[in-house]
Amino acid sequence: MMYNISRVSLLIFLFSYIAGCGFKPIYKFSENSVDLKSYSINIINESNTSRVIKEEIKKSFPSSSEIEKDYVIDIEAFENLDPLITNTDGTISKYGIEIIIYFKVKATNTDEFLINDVVRGFAQYTVETSEIESDDKKKRMIQTATSSAIQMMTSKIQSDTSITNDN
């Protein structure tokens, strides 16, 4: 009888110790997590931005009319295409693509910017003998570089927003 009481007491003690140890799962979605659907996108230099970059940005921030937009992200995107390897005959065999995105985040009810930052995405591709294949590769690498920059931008927005919410 005494053995059962000490066993139950030990079990209750271990359970309360483990429950109160302060463990928090780091990948748990919490009430403070940022919903990217609550952000509306405004591409400032839309006429100077390539269609591929605009499509990648719009794909990353889906627009939904049912959800009220709490924040506006003003985006300026620039594309740099630099030759990396030039052959002896002067032709270029490898290009580097850099996508630079300047972004500002503000709440819809204010004109004050909450975040003002810049991100970059990089990719490179080799020139093929076929111009069609080279253009297709270039398009995919622009998508890759843009996607990389957008991932970094959303990470910065989520990080800065969670820091703001914690204070």
Side-chain angles (χ1 to χ4, degrees), residues 18-84 92 94-128 131-167:
I18 290 173
C21 72
F23 171 76
K24 289 184 184 178
I26 60 174
Y27 294 112
K28 177 185 175 235
F29 289 110
S30 67
E31 63 278 352
N32 293 339
S33 65
V34 178
D35 183 18
L36 294 177
K37 292 180 181 174
S38 65
Y39 289 81
S40 80
I41 298 297
N42 178 27
I43 301 174
I44 294 173
N45 61 339
E46 191 163 1
S47 61
N48 297 333
T49 305
S50 73
R51 180 182 54 82
V52 177
I53 295 174
K54 287 189 280 192
E55 287 175 357
E56 198 66 30
I57 290 171
K58 290 177 182 175
K59 183 172 64 171
S60 298
F61 291 92
S63 63
S64 176
S65 59
E66 305 94 45
I67 299 174
E68 186 175 327
K69 308 295 184 186
D70 297 329
Y71 300 98
V72 176
I73 304 174
D74 290 336
I75 292 178
E76 279 187 278
F78 299 97
E79 173 185 338
N80 291 332
L81 184 66
D82 297 320
L84 297 178
I92 298 169
K94 193 170 200 175
Y95 281 101
I97 297 173
E98 178 184 30
I99 304 297
I100 305 169
I101 298 178
Y102 296 93
F103 67 97
K104 297 177 183 178
V105 179
K106 66 179 177 180
T108 53
N109 55 1
T110 66
D111 286 335
E112 180 182 337
F113 290 107
L114 305 172
I115 303 169
N116 186 358
D117 210 340
V118 62
V119 291
R120 291 169 168 29
F122 300 97
Q124 51 187 329
Y125 71 97
T126 55
V127 177
E128 300 295 325
E131 190 174 335
I132 294 171
E133 288 178 18
S134 288
D135 287 345
D136 188 45
K137 239 184 194 182
K138 177 182 176 184
K139 178 183 173 186
R140 284 183 306 195
M141 291 303 108
I142 290 173
Q143 287 173 332
T144 301
T146 305
S147 177
S148 174
I150 290 171
Q151 286 175 356
M152 195 174 302
M153 180 178 74
T154 55
S155 176
K156 284 185 174 189
I157 290 171
Q158 288 175 338
S159 174
D160 286 353
T161 304
S162 65
I163 289 171
T164 305
N165 289 340
D166 287 346
N167 292 336

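In this chain, numbering begins with 1 at the start of the sequence shown.
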Mind checking the OG-CE spacing from S148 to M141? Nearest 0.5 Å is all I need.
11.5 Å
OG1 of T49 to CD1 of I57: how many Å apart, nearest 0.5 Å?
6.5 Å
Please check this pair: side chain of S159 against backbone of S155, looking for a donor-acceptor N/O pair closer than 3.5 Å.
no
Rounding to 0.5 Å, atoms CD (E79) and CD1 (I100) come to a distance of 10.5 Å
For residues I99 and A149, report the shortest heavy-atom separation together with the two atoms involved.
O-CB, 4.3 Å
Heavy-atom closest contact (I142 atom, T146 atom, distance)
O-OG1, 2.7 Å
Inter-residue atom distance Q143.CD - K138.NZ, 0.5 Å rounding
13.0 Å
The complete set of salt bridge (charged side-chain N to carboxylate O under 4.0 Å, His left out) pairs with one or both residues in residues 142-154, sequence neighbours excluded, reads none
Please tell me if the side chains of Q151 and V119 come closer than 4.5 Å, counting only heavy atoms from C-beta onward.
no
Can you tell me if K139 uses its side chain to pair, donor with acceptor, with the backbone of V52 under 3.5 Å?
no
For the pair I73 and I157, evaluate side-chain contact (heavy atoms from CB on, under 4.5 Å) and give the outcome as yes or no after the intermediate values.
CA-CA 10 Å; I73 304 174; I157 290 171; 3.6 Å; yes
Which heavy atom of P83 sits nearest a heavy atom of I92, and at what distance?
CB-CD1, 3.5 Å
Given the rule in the salt bridge (Lys or Arg N to Asp or Glu O under 4.0 Å) test, do E55 and K58 qualify, once you have shown the distances and angles that lead to the verdict?
CA-CA 5 Å; E55 287 175 357; K58 290 177 182 175; over 6 Å; no
Measuring from F113:CZ to D74:CG, what's the distance to the nearest 0.5 Å?
5.0 Å
Without swapping roles, check the side chain of D117 against the backbone of F103 for a donor-acceptor pair under 3.5 Å.
no
Any donor-acceptor pair under 3.5 Å linking the side chain of K156 with the backbone of V118?
yes
What heavy-atom pair brings N45 and A77 nearest, and what distance separates the two atoms?
ND2-O, 2.9 Å
For T154 and I150, indicate whether the former's side chain and the latter's backbone hold a donor-acceptor pair under 3.5 Å.
yes
To the closest 0.5 Å, what do you measure between CG (D82) and CD (Q124)?
11.5 Å
Quick check: closest heavy atoms across Y125 and S134, and the distance to 0.1 Å?
CE1-O, 4.0 Å
So do the side chains of L114 and Y71 get within less than 4.5 Å of each other, counting heavy atoms only?
yes
According to salt bridge (charged side-chain N to carboxylate O under 4.0 Å, His left out), does anything in residues 94-104 pair up with another residue at least two apart or in another chain? List the pairs.
E98-R120
